Amino acid sequence: QQRQQWNHRLIMATSLSYMSYYIALLATSIIMKDSGFSATDISSTAIIGGLAAIPFIYLVSHASDVFGRKAVWMVCNATGMIALIILATAKSLASFWLVAFLIRFLSSGSRSIGSAWATDICQRRHGLALDYSNIPSQALELMTRNSSKVFSQEKALALISATPWVGGILGYLTFGSASQISNADTILLLAALIPLLSICLVLPIKHSTLTSVRGAS
């Protein structure tokens, strides 16, 4: 089933996005500590990221409704890739603040778009968005029952909600293990390829169906 493949791709892509985000978080603290920055400087990056997250989540959600999930997903992951490259060469406090600011686009995209996109995919049939208001209740119940055997919306959302944990484990484990055999700069430059892989995974997914519904109404 095409929808099932799309959901699997989206779940893997979201996990990779979170993996990149957590690599950046861990690497920022370690690099700043090794460079002699104070605890206040290190904590200031978390403050910058936290402040940025507040408007970003809303802005990314709204942008994905207007421009489509895939387009905004690609922008968020591209921004995360840029943040990892900057982090690999960061020296000043301002550069670490910039990384903390940019990396929030990546996490906001994963948080805001993932669940909405999974819902879109689960409501899609034969490449078209459904208008459930005109479907008889018995037919809708039968469609829902048959759809759940393939990839239900509840299952998709449950798996999407687990991606931050999966991405966090993979990110911390990857950076921690790789730092034993390589320097942080090299690891981060290689990690910058992870958001690119996330983008490649979602490319075959069609545009969101909710936008289509609004456009048709």
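Quick caveat, the model's predicted, so the values are computed rather than measured.
Hydrophobic clustering of Ile, Leu, Val, Met, Phe, Trp and Tyr side chains at less than 4.5 Å, counting indirect connections, unites I121 with V72. Connection of M74 to M81 is not established within any shared hydrophobic cluster, with ILVMFWY side chains joined at heavy-atom distances below 4.5 Å, either directly or through further cluster members. Residues I47 and F96 fall into different hydrophobic clusters, defined by Ile, Leu, Val, Met, Phe, Trp and Tyr side chains chained together at heavy-atom separations under 4.5 Å. With hydrophobic clusters built from ILVMFWY side chains whose heavy atoms lie under 4.5 angstrom apart, L16 does not share a cluster with L190. Note on I82 and L196: separate hydrophobic clusters, where clusters join Ile, Leu, Val, Met, Phe, Trp and Tyr whose side-chain heavy atoms are under 4.5 Å apart, directly or indirectly.
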For I160 and I11, what are the C-alpha separation, side-chain angles and deciding distance, and is it a side-chain contact (heavy atoms from CB on, under 4.5 Å)?
CA-CA 6 Å; I160 283 289; I11 291 165; 3.9 Å; yes
Could you walk me through whether L197 and L193 satisfy the side-chain contact (heavy atoms from CB on, under 4.5 Å) test, starting with their C-alpha distance in whole Å, then the side-chain angles of each, then the deciding distance to 0.1 Å, before giving a yes or no?
CA-CA 6 Å; L197 179 57; L193 298 175; over 6 Å; no
Could you walk me through whether I103 and L106 pass the side-chain contact (heavy atoms from CB on, under 4.5 Å) check?
CA-CA 5 Å; I103 202 68; L106 181 63; 3.9 Å; yes
Intermediate values then yes/no, side-chain contact (heavy atoms from CB on, under 4.5 Å), T14 and W73
CA-CA 10 Å; T14 308; W73 183 275; 3.3 Å; yes
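No donor-acceptor distance shorter than 3.5 angstrom exists from the side chain of T163 to the backbone of S15, with no hydrogens or angles considered. In this structure, S182 contributes its side chain and S179 its backbone to no donor-acceptor pair below 3.5 Å. In terms of modelled atom types and a separation under 3.5 Å, the side chain of R104 and the main chain of A53 share no donor-acceptor contact. Not a single donor-acceptor pair under 3.5 Å links the side chain of S198 to the backbone N or O of I194. Using a distance-only test at 3.5 Å, with no hydrogens or angles considered, no donor-acceptor pair links the side chain of S112 to the main chain of G109.
Separation of atoms CG (L102) and CG (L84) is listed at 10.0 Å; rounding is to 0.5 Å. Distance check, rounded to the nearest 0.5 Å: CG of L159 to OG of S115 gives 11.0 Å. Remark: F56 CZ to L51 CG distance equals 10.5 Å, nearest 0.5 Å. The distance from atom CG of L98 to atom OG1 of T45, rounded to the nearest 0.5 Å, is 12.5 Å. Residue I169 holds its CD1 atom at 10.0 Å from OH of Y22, rounded to the nearest 0.5 Å. The OG1 atom of T174 sits 3.0 Å away from the CE atom of M19 when rounded to the nearest 0.5 Å.
Taking the six-membered ring for Trp and thresholds of 30 and 60 degrees, F105 and F101 have ring planes more than 60 degrees apart, a perpendicular arrangement.
The minimum heavy-atom distance between N77 and P195, with the atom names listed, is O-CB, 3.3 Å. Listed here is the closest heavy atom pair of L188 and A27: CD2-CB, 3.7 Å. In plain terms, the two heavy atoms of W165 and S161 that are nearest each other are CD1-O, 4.0 Å. In this structure, S64 and I113 approach most closely via the heavy-atom pair CB-CG1, 4.1 Å. Listed here is the closest heavy atom pair of W117 and V202: CH2-CB, 3.7 Å. Here the closest heavy-atom approach between residue R9 and residue L201 is recorded as NH1-O, 3.0 Å.
Between the side chains of D41 and S44, no donor N or O sits under 3.5 Å from an acceptor N or O.
In terms of the side chain to side chain contact (heavy atoms under 4.5 Å, CB included) criterion, residue partners of I42 (sequence neighbours excluded) are, by chain and number, S29, M32, K33, F37.
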